[in-house]
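Taking it in order: structure first as C-alpha cells, then the write-up.
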Number of protein chains: 4
Amino acid sequence: MVKKPAPDSARRSERSRRAIYDAALALVAEVGYPRTTIEGIAARAGVGKQTIYRWWESKADVLLEAFLDLSEQASRDAGPEYGFAIPDTGDLAADLKAVLRLTVDQLGDPRFEAPSRALAAEGVVNEQLGRVFVAKLLEPSLQLYVDRVRAAQSAGQVRRDVDPRIALELWVSPLAQRWLQHTGPISYDYTDTLVEYALNGLAPRTPDVPSGPSGTPEHGPVGP
Amino acid sequence: MVKKPAPDSARRSERSRRAIYDAALALVAEVGYPRTTIEGIAARAGVGKQTIYRWWESKADVLLEAFLDLSEQASRDAGPEYGFAIPDTGDLAADLKAVLRLTVDQLGDPRFEAPSRALAAEGVVNEQLGRVFVAKLLEPSLQLYVDRVRAAQSAGQVRRDVDPRIALELWVSPLAQRWLQHTGPISYDYTDTLVEYALNGLAPRTPDVPSGPSGTPEHGPVGP
Amino acid sequence: MVKKPAPDSARRSERSRRAIYDAALALVAEVGYPRTTIEGIAARAGVGKQTIYRWWESKADVLLEAFLDLSEQASRDAGPEYGFAIPDTGDLAADLKAVLRLTVDQLGDPRFEAPSRALAAEGVVNEQLGRVFVAKLLEPSLQLYVDRVRAAQSAGQVRRDVDPRIALELWVSPLAQRWLQHTGPISYDYTDTLVEYALNGLAPRTPDVPSGPSGTPEHGPVGP
Amino acid sequence: MVKKPAPDSARRSERSRRAIYDAALALVAEVGYPRTTIEGIAARAGVGKQTIYRWWESKADVLLEAFLDLSEQASRDAGPEYGFAIPDTGDLAADLKAVLRLTVDQLGDPRFEAPSRALAAEGVVNEQLGRVFVAKLLEPSLQLYVDRVRAAQSAGQVRRDVDPRIALELWVSPLAQRWLQHTGPISYDYTDTLVEYALNGLAPRTPDVPSGPSGTPEHGPVGP
DNA sequence: TACTAATCGAGACGGTACGTCGGGTCTTAAT
DNA sequence: ATTAAGACCCGACGTACCGTCTCGATTAGTA
C-alpha cells in the first residue's frame, strides 16, 4: 500500500503507529470524516506529520488500516480460536435471521458506524480504496454466507443450481443499502422478512394440489 | 436550506444558475468530486463565488441540484407525456429483467456515473443530503417497482402478503451495492438471475410431481 | 468633483445627502476610517449604494464633503457674522498664543479628530484629495495668520522682509506635525514656546545695552 | 508584535524575508500603497501568504520593516564608520542649510517617496504604527539636530534657555508639512529662509546701530 | 392634475482580496 | 535512520466590499 522508496519498516515506531490509529478513529468518531485532517491526527497522536506521510498515502489509507486493525482486534477478542462463523443448526432461515440480527445491532454501534461509513463513502468514489475495503473487510464476512449456503445446498434446503455468492446478496444488499443510503429503517422484522422472501421467493408456491389454476404460468417454464 | 437573510429569489439570475449547473457537472465528470471546488465552479461558470454561496450551502448541495435538474431534463426529453414507467406485459419476470437491463446500461453511462457516485458517497456520510438524494432521485424510481409489484399481486403472480417496498430491494439493492461498492461485476446475466432468485426463492420448489425436474433448468449454474 | 454624465442635481434628495454625511462622520468616529465602508455608510444612512456612487467618486470624497459641511456648520454656529479671525490686541505674541491654545483644544476634540486625521492621512497619499483638503480647509485658516502677520508688519513688530506665509509655518507646522505624526506632546506651554522662539529667534539677542528692555524676560527658561 | 503561538524565529527563512521586503517596496513604488496587497506581495516574492501572516501583523507592518531595512542598508552603504551626522563648521546656519538641502533632495527621491508617504499616512491614522515609525525612523534623525543645536549653545550661537528638541521643529516641521500635506512648494530657497527665520526670529532686531536698518547683518556670525 | 422621467432604496451580480486552514514537502535537532 | 516539530509554498475556503447593474416605488418638475 506504500509506494514511495520504501522506508525501513524495521525501524518503524510501533508506538507512533498505534497512536495514529487511535487518533484517527477517535477523530472520525468525534468530528466526522471530512473534518478529520492529517494535521489533526498528527497533533492528537503527538506525532510529526511526516511520520504519517511516510507510511501512508492518504487520510483514507490511514483510516482504512486503523479500521482493519480495530476489526482484527475485535475478532481476536470475540472468537479466540475461530474467526466468526454462521451457525448451522440445520434450519437455514433461522440461522440467517440470527446472524442478521447481530448485524443490525452492529450497524448501530457508534464505535463502528463513523469509520465504516467514512470508508464506504470513500470507496464509492475512490475505486482503488473501495476494492481494498471490500476485499479486506466485506468479502471475508460474505464468504461465511457462501459457506453456509453451500451447506444448505448439501442438505437439500437450497437448490443446487443457485449461485451462493449471488444468493447472499438477496438479504445482505438490501440491509446494506438501507444502512448506507438511509433508504429505509432497519429492524429485526425487516431482516427476518428479507430472509423469508429470499428463501421462498415472491411468487406463490405452486399449490401442491394440481387443481390450482392460478400459479405463475406466465414466467419461465417453471416445472413441466 | 438557506439561513442568511433570505435573498430575493425573484431577482435571481437564471443565466448564472444554469452556468453553475453546467460547470459543476462538467467538473465532476472531468476531475472528480473531491477535486471539484467551489472556486473552480465559479470560475468555469464565469460567476462570482458569492453567487454560489448565496444560493447553496455546500458543494454537495450545488451538485445535487445540478443533478436533479439534469435528471428532470432527461426525463422530460425521454418521456414527453409519461415520466418513465415499468412496462406491464403480464410477465413480471420479463418486465423486471428488461428494466434492469436498462438500469445496467445507465449505470455505465459516464454522463451520470460521476455525479451520481459523488452524491451517493456524500449521502453516505451526510445524512441530511442523503435523505434528499434518496427522496428526490431514488424513491421516485423505486415507486415504479412498487406499482409494478402491486399489479403483479392483483394478477396473482406475487403473493398478496408480500410488501412491495421490501420486495423490490431483492433485485434493486444487490445491483446497487455491486455498483456502489464495487463488490462484483454487473451484467445482464446477473440482473436476470437476481430476478429469478427473487421471484422463485432459493428453496427448492415443493416437488409437486415426484418426477418433476423442477428448478430453473434454463439458466444453468449462473455465477462466476 | 463629480465627473460622470452629471445627474440632475435639481432632483437630488437633500434628505439622503444629509443622512450620508451623518453616517459617514459617525462611522469614521466609531470604527475608524479604514473600516468605514461605502456599504456601511449606505446601510447606516438607509440609502442605496448607488445613491452614493452617483454623487461621489470615492469614500474619501464623501468624507471630505461631510467634513467640509461639518466645518461650515460649526463656523456658522460659532461666529454668526464673521468667520473666525485672529484678534489683534497689538501684542502679536499674545494674540498668537491665544489662538494656538484654542487650536490645541480643537485638536483634542474627538468630534473633529477622527475625520480630520482620516482626511489628512488620505491626503498624504492621494495628492488630488490632499490638495482639495488643503485648499478648502487648511488654507483659509492659515490666511488668517497671514493677515495678522501683515498687520504686525505694519505695526513694526515684524520685519518687513519676512514672508508671512512662511512665517506662520514656524508655529503652525510644529504643532501640526506633533499632532499628525505623534512626534511629541501638545500643550499650551509648547505652543507658547513656539511663538516665542519664532518671534525672537534662537540666536542670542545682541546685548545692545546691558540694561536692554527688549528680550523676552517674561517667559524664563522654557521647556523641559 | 506577534500573538499566535510564537513561531520559531531561528528557523525563519532569510530568503523569504528579503524577497518579501523587495516585493513590498517594489509594489508600493509601482502601484501605490492602497493597491499593494498582501496577496500581491506574496505572489511577487514567490512566497506563501501564510509566510507573511506568520511574521507580520499587517501590510503596514511589512512595509515598515521593509523600509527600516532599506534605511539601514542605505545608511550602512553611505557612511561606513559613522551613521550620519550634521556637520559642524562653526556656522550653525550654514550647516543647517546644507543638511536641509540634502533633505529636500531626498524627499524628491522616488525610491523613498512612495514608501515613506505610505508609512507616514498610515501612522497618522494608526497611532501604534505611527509611534514605531517615529521612534525608529524619525527621531534618530532629529536627534542629530538636537546634538548640533547643543553644540551651538556651547559655542554661544544659540541661547542656553532654548530647548533643542523644540528648536529643531522650527525648520523641520515646516518642511515636513509642506511635503506631507502638499501645502506648498519645496526648494532650497525655502529651507534657507526657514533657517534664517528660525535663528533670527521674525521680530526686528533691536537696531544696535541706529543707522543700519536694512541689509541682512542679522544672521551672519552671530555673537559679538 | 396628471404625466413622465429621474432618483431613490434595495440588493444581486462579477470580481478582488482578505485572513485561515490544511495539504504535502522539506529542514532541523534529538533519540 | 527515524522521529517530533514546524516552516515553507500552495490552493481553497467562506466572507467582506468593491463598483456596476437591474428592479419597482417614490417624487419632482412639466405638460
Side-chain angles (χ1 to χ4, degrees), chain A residues 4 7-13 15-16 19 34-43 45-55 57-59, chain B residues 4-13 15-16 19 34-43 45-55 57-59, chain C residues 7-13 15-16 19 35-43 45-55 57-59, chain D residues 4-5 7-13 15-16 34-43 45-55 57-59:
Chain A
K4 296 290 173 56
D8 183 349
S9 50
R11 286 175 167 269
R12 182 168 183 183
S13 161
R15 216 177 119 286
S16 296
R35 301 207 345 242
T36 295
T37 66
I38 293 205
E39 277 196 353
I41 296 172
V47 140
K49 277 203 287 180
Q50 198 56 254
T51 301
I52 297 184
Y53 284 107
R54 190 169 7 249
W55 301 109
E57 284 203 316
S58 66
K59 180 172 69 163
Chain B
K4 293 292 173 57
D8 181 350
S9 48
R11 303 180 53 188
R12 184 166 182 182
S13 162
R15 218 178 119 286
S16 296
R35 308 230 313 267
T36 295
T37 66
I38 292 203
E39 221 155 57
I41 295 172
V47 140
K49 276 202 286 180
Q50 202 60 356
T51 299
I52 297 185
Y53 285 109
R54 188 165 14 244
W55 301 109
E57 285 202 318
S58 64
K59 179 172 70 163
Chain C
D8 182 349
S9 50
R11 285 174 170 271
R12 182 168 183 183
S13 161
R15 216 177 117 287
S16 295
R35 295 197 0 232
T36 294
T37 66
I38 294 205
E39 278 198 351
I41 295 172
V47 140
K49 277 202 287 179
Q50 198 58 253
T51 301
I52 298 185
Y53 284 108
R54 189 171 7 248
W55 302 108
E57 284 204 315
S58 65
K59 178 171 71 163
Chain D
K4 293 292 172 56
D8 181 350
S9 49
R11 304 179 54 186
R12 184 166 183 183
S13 162
R15 219 177 119 287
S16 296
R35 307 231 312 266
T36 294
T37 66
I38 293 203
E39 221 156 57
I41 296 172
V47 141
K49 274 202 288 182
Q50 201 64 314
T51 300
I52 297 184
Y53 286 109
R54 185 165 17 244
W55 301 108
E57 285 203 316
S58 64
K59 178 171 72 164

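Here is the naming used below: chain letters follow the sequence lines, and residue numbers restart at 1 for every chain.
Comparing E/dC8, E/dG15, F/dA4 by their closest approach to the side chain of C/Ser13 singles out E/dC8. Nearest to the side chain of B/Glu39, among F/dC21, F/dA12, E/dC18, sits F/dA12. In the set E/dA17, F/dT3, F/dA7, E/dA17 carries the atom at the smallest distance from any side-chain atom of D/Thr37.
The interatomic distance linking C/Tyr53 (OH) with E/dC8 (P) rounds to 16 Å, in whole Å. Rounded to an integer number of Å, the gap from B/Glu57 CD to F/dC13 P is 16 Å. Nucleotide F/dT20 holds its C1' atom 7 Å from the CD atom of C/Gln50, rounded to whole Å. The separation between B/Ile41 atom CD1 and F/dG14 atom C1' is 14 Å, rounded to whole Å. Between the CD1 atom of A/Ile38 and the C1' atom of F/dA5 there is a distance of 16 Å, rounded to whole Å. The distance from atom CD1 of B/Ile52 to atom C1' of F/dC13 is 13 Å, rounded to the nearest whole Å. As a whole-Å value, the separation of D/Arg54 CZ from F/dC10 P is 13 Å. Nucleotide E/dG23 holds its C1' atom 13 Å from the CZ atom of B/Arg35, rounded to whole Å.
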(request) List the protein contact pattern of nucleotides 25-31 of chain F with one symbol per nucleotide (5' to 3'): B for base contact, S for sugar-phosphate-only contact, - for none; contact means a heavy-atom distance under 4.0 Å. (result) --BB---
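In this view, D/Lys59 satisfies the salt bridge (charged side-chain N to carboxylate O under 4.0 Å, His left out) rule with no residue, not counting sequence neighbours. When the side chain to side chain donor-acceptor pair (under 3.5 Å) test is applied to C/Thr51, no partner is found at least two apart in sequence or on another chain. Every residue two or more places apart in sequence or in another chain that forms a side chain to side chain donor-acceptor pair (under 3.5 Å) with A/Ser13 is listed here: A/Ser16. With sequence neighbours excluded, no residue forms a side chain to side chain donor-acceptor pair (under 3.5 Å) with C/Gln50.
Distances shown here put every side-chain N or O of A/Ser16 at or beyond 4.0 Å from the OP1 or OP2 atom of F/dT2. For F/dA4, one of the phosphate oxygens OP1 or OP2 lies less than 4.0 angstrom from a side-chain nitrogen or oxygen of A/Thr51. For the pair D/Trp55 and F/dC8, the criterion of a side-chain N or O lying under 4.0 Å from OP1 or OP2 is met.
The bend of the helix from E/dT1-F/dA31 to E/dT31-F/dA1, defined by the angle between the axes of its first five and last five pairs, stands at 10° to the nearest 10°.
Between B/Val47 and C/Gly48, the one whose closest nucleotide on DNA chain E sits nearer the 5' end is C/Gly48. Residue-to-nucleotide proximity on DNA chain E shows that, of C/Ala45 and D/Lys59, the 5′-proximal contact is made by C/Ala45.
Within the nucleic acid shown, D/Gly40 has no heavy atom closer than 4.0 Å to any nucleic acid atom.
Atom CZ of C/Arg12 sits in a crowded spot, with more than 12 heavy atoms from other residues, nucleotides or ligands closer than 6.0 Å.
When all heavy atoms are compared, the tightest approach of C/Ser9 to C/Trp55 is CA-CH2, 3.7 Å. Closest heavy-atom contact between B/Ala45 and B/Ala19: CB-O, 3.5 Å.
Side-chain N/O atoms of D/Lys49 and base N/O atoms of E/dG19 include a donor-acceptor pair closer than 3.5 Å.
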